[in-house]
**Q** 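Sharing a structure here in structure tokens format.
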There are 2 protein chains.
Amino acid sequence: MLPSSTVENYLKAIYLGAGALTPPSRLVPMGQLAGALGVAPGTATTMVKTLAESGLVEYEPYAGVALTKAGQKLAALVVRRHRVIEMFLVRMMGYGWDEVHDEAEQMEHVVSDRLIDRMDEMLGRPEVDPHGDPIPTPEGIVKPQPMQSLLTCPLATPVTITRVIDQDKVFLRFIEKHNLKPGESIEVEARDAASDSVRVRGRDEQRITIGTKAASKLLVQAR
Amino acid sequence: MLPSSTVENYLKAIYLGAGALTPPSRLVPMGQLAGALGVAPGTATTMVKTLAESGLVEYEPYAGVALTKAGQKLAALVVRRHRVIEMFLVRMMGYGWDEVHDEAEQMEHVVSDRLIDRMDEMLGRPEVDPHGDPIPTPEGIVKPQPMQSLLTCPLATPVTITRVIDQDKVFLRFIEKHNLKPGESIEVEARDAASDSVRVRGRDEQRITIGTKAASKLLVQAR
DNA sequence: GTCCACATTTTGATGAGTCAAAAATACAGT
DNA sequence: ACTGTATTTTTGACTCATCAAAATGTGGAC
Ligand SMILES: [Mn+2]
Ligand SMILES: [Mn+2]
Ligand SMILES: [Mn+2]
Ligand SMILES: [Mn+2]
């Protein structure tokens, strides 16, 4: 029996939630999960227990939940579908990068592997989606991307923006407007703890100062 | 509240069922509907009653069900999505016409109007899908196609195949193999009631004899 | 007109997924 | 150790969609 959309959404939320934990931990707390899915805490608990029955997750009461090997594979494939679809919508269908998330959120549960592979082929087998998020292989593997954020990268050193970790439309449009999309070359000029801000020099000597919260969502690679 | 996939499937089945009735009647019998949807008769009855509550259908106990204006519009939009998707998969994604139905059956419930319109635009606003089925407009209107089948068209008169009414893979591959797809020019040479068959002359003087049941599924227009 | 076969509706039950609110638990601070 | 707060789990209930099987209605054959 193939997993329902609901099951897929839980697995994906655990998969994505585990990576984004601060501090990084194996177990995703139920509150986190419930929040990500927009359901009541009790609902998440119940659902996670049935996922554990199915062998898709390991559940430790009062501690949290983690994917099993099987759950991880399934989750990675949902994420693969999501990101291939986003890429397809941007490259082939003329969508903006801030407009694709909701559409992909629905389509990821219904498109066949066949169609995903056709899209992937037409796109030239890309490694990342429009936001720079890595696309898992059909086997569910993601090559780890060693990466720093604007908060941790060296100062006054040229870097390339490779990834934007936030699907919020308004944030994405802000990023686009200030030429901070993946691929752009920039430099962090200064960080100031007191004002909670980071000053960036972008394309054409453009300067912009953003908050540390926003800065942590922009990942870069040395150049 | 937007209709669930289930509601959309019921409305579509009623919409499509009403056209295919023999004899043509306003009301689709519950048995027919249950059969088309693959659910138990009692299930269809229950569901149709709630659809009637919502004002999407008119329900006459022991007689059948018909769409209201509102139901008709919704159903036509589901059919539009289905057929635009099928056309997109064939023209843009390299699918065969016998491979698109199942994929479209799922996608029709999740793709946005925005994406459907983008597909439609890329396809050059086609009037029919790969099987020759008419695509309703965004307003839910289908221009009536005056049409005859191979059973009713004049003998020894050149006609063009315009539509194939059957989504079965095996049947579609048979049709394709014998060059009887929409667009092909043919002539009905003879019909024989005793042998329940129809002899057709197709492309390159090809002759083929098919049963009346199959013949009734091939629609043609005078040329 | 009566009766029968068949279609339809009703009934009672089930599974998936959800919520609100009550109960239990963990844990940090004193 | 004790207590308070935040998190988590439990409980009871609800909606949607479904089935099997019993009850009922319909229309045709005779
Ligand atoms: Mn996304
Ligand atoms: Mn993304
Ligand atoms: Mn179809
Ligand atoms: Mn079709």
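Side chains are part of it too, since the values below use all heavy atoms of this structure and drop only hydrogens, waters and symmetry mates. No experiment lies behind these values; they were computed from the predicted model shown. Below, read A as the first sequence line, B as the second, and so on, with proteins coming before strands; counting in each chain starts at 1.
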**Q** Considering residues, nucleotides and ligands other than B/Q145, do more than 12 of their heavy atoms fall under 6.0 Å from its CD?
**A**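 Buried by this count: over 12 neighbours within 6.0 Å.
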
**Q** Are any non-hydrogen side-chain atoms of A/I116 and A/H82 less than 4.5 angstrom apart?
**A**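 Side-chain contact under 4.5 Å: no.
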
**Q** Using the heavy-atom set of chain B and a strict 4.0 Å cut-off, write down the first and last nucleotide of DNA chain D that makes it in, 5' to 3'.
**A**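 Both ends considered, the range comes out as D/dA17 to D/dT26.
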
**Q** Taking five pairs at each end of the helix from C/dG1-D/dC30 to C/dT30-D/dA1, what angle separates the two helix axes (nearest 10°)?
**A**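 Between the axes fitted at each end of the helix from C/dG1-D/dC30 to C/dT30-D/dA1 lies an angle of 10°.
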
**Q** By ring-ring contact (aromatic ring centres under 6.0 Å, His included), which residues pair with B/F174, not counting sequence neighbours?
**A**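 ring-ring contact (aromatic ring centres under 6.0 Å, His included) list for B/F174, sorted by chain: B/H178.
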
**Q** Name each donor-acceptor pair under 3.5 Å that joins a side chain in residues 87-96 of chain B to protein atoms two or more places apart or in another chain, with its distance.
**A**
residue : atom : partner : partner atom : Å
B/Y95   : OH   : A/L115  : N            : 3.3
B/Y95   : OH   : B/E103  : OE1          : 3.0

**Q** In whole angstrom, give the distance that lies between atom CG of A/N9 and atom P of C/dG17.
**A**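 Computing the A/N9:CG to C/dG17:P distance gives 11 Å.
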
**Q** Looking at residues at least two apart in the chain, or sitting in another chain, which of them share a side chain to side chain donor-acceptor pair (under 3.5 Å) with B/R118?
**A**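 Partners of B/R118 under the side chain to side chain donor-acceptor pair (under 3.5 Å) test: B/E121.
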
**Q** When the side chains of residues 71-81 of chain B are checked against the rest of the protein, which donor-acceptor pairs come out under 3.5 Å, sequence neighbours left out?
**A**
residue : atom : partner : partner atom : Å
B/R80   : NH1  : B/P136  : O            : 3.0
B/R80   : NH2  : B/D120  : OD2          : 3.2
B/R81   : NE   : B/E108  : O            : 2.6
B/R81   : NH2  : B/E8    : OE1          : 3.4
B/R81   : NH2  : B/E8    : OE2          : 2.8
B/R81   : NH2  : B/E108  : O            : 3.3

**Q** Starting at CE of B/M47 and ending at P of C/dT8, how long is that distance when rounded to a whole Å?
**A**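 Going from B/M47 (CE) to C/dT8 (P), I get 18 Å.
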
**Q** Using heavy atoms and a sub-4.0 Å distance, could you list which residues of residues 29-43 of chain B are near DNA chain C? By number, please.
**A**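 Under 4.0 Å from DNA chain C: B/P29, B/M30, B/G31, B/P41, B/G42.
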
**Q** Using a 3.5 Å cut-off and no angle test, enumerate the donor-acceptor pairs between side-chain atoms of residues 50-67 of chain B and protein atoms at least two apart in sequence or in another chain.
**A**
residue : atom : partner : partner atom : Å
B/T50   : OG1  : B/M47   : O            : 3.0
B/S54   : OG   : B/T50   : O            : 2.9

**Q** Going by an N to O cut-off under 4.0 Å, is there a salt bridge joining A/D102 and A/K169?
**A**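 So A/D102 pairs with A/K169 through a salt bridge.
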
**Q** Is a salt bridge present between B/R173 and B/D168, judged by a nitrogen-to-oxygen distance below 4.0 Å?
**A**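 Here B/R173 does not pair with B/D168 in a salt bridge, since their nearest N and O are not under 4.0 Å apart.
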
**Q** Regarding A/T45, tell me which of base, sugar-phosphate or nothing describes its non-hydrogen contacts under 4.0 Å with the strands shown.
**A**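 Base contact.
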
**Q** For DNA chain D, which residues of residues 49-66 of chain B approach it to below 4.0 angstrom with any heavy atom?
**A**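 Within residues 49-66 of chain B, the residues near DNA chain D are B/Y62.
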
**Q** Should A/K181 and A/I161 count as side-chain neighbours, where that means a heavy-atom distance under 4.5 Å?
**A**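 Side chain of A/K181 against side chain of A/I161, heavy atoms only: no contact under 4.5 Å found.
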
**Q** Apply side chain to side chain donor-acceptor pair (under 3.5 Å) to A/S5 and list each qualifying residue two or more places apart in sequence or on a separate chain.
**A**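 Counting only residues at least two positions away or on another chain, A/S5 forms no side chain to side chain donor-acceptor pair (under 3.5 Å).
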
**Q** Output all residues satisfying side-chain contact (heavy atoms from CB on, under 4.5 Å) with B/S195, sequence neighbours left out; order by chain, then residue number.
**A**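 B/S195 satisfies side-chain contact (heavy atoms from CB on, under 4.5 Å) with B/D192, B/S197 only.
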
**Q** What residues form a ring-ring contact (aromatic ring centres under 6.0 Å, His included) with B/H109, not counting sequence neighbours?
**A**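 Counting only residues at least two positions away or on another chain, B/H109 forms no ring-ring contact (aromatic ring centres under 6.0 Å, His included).
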
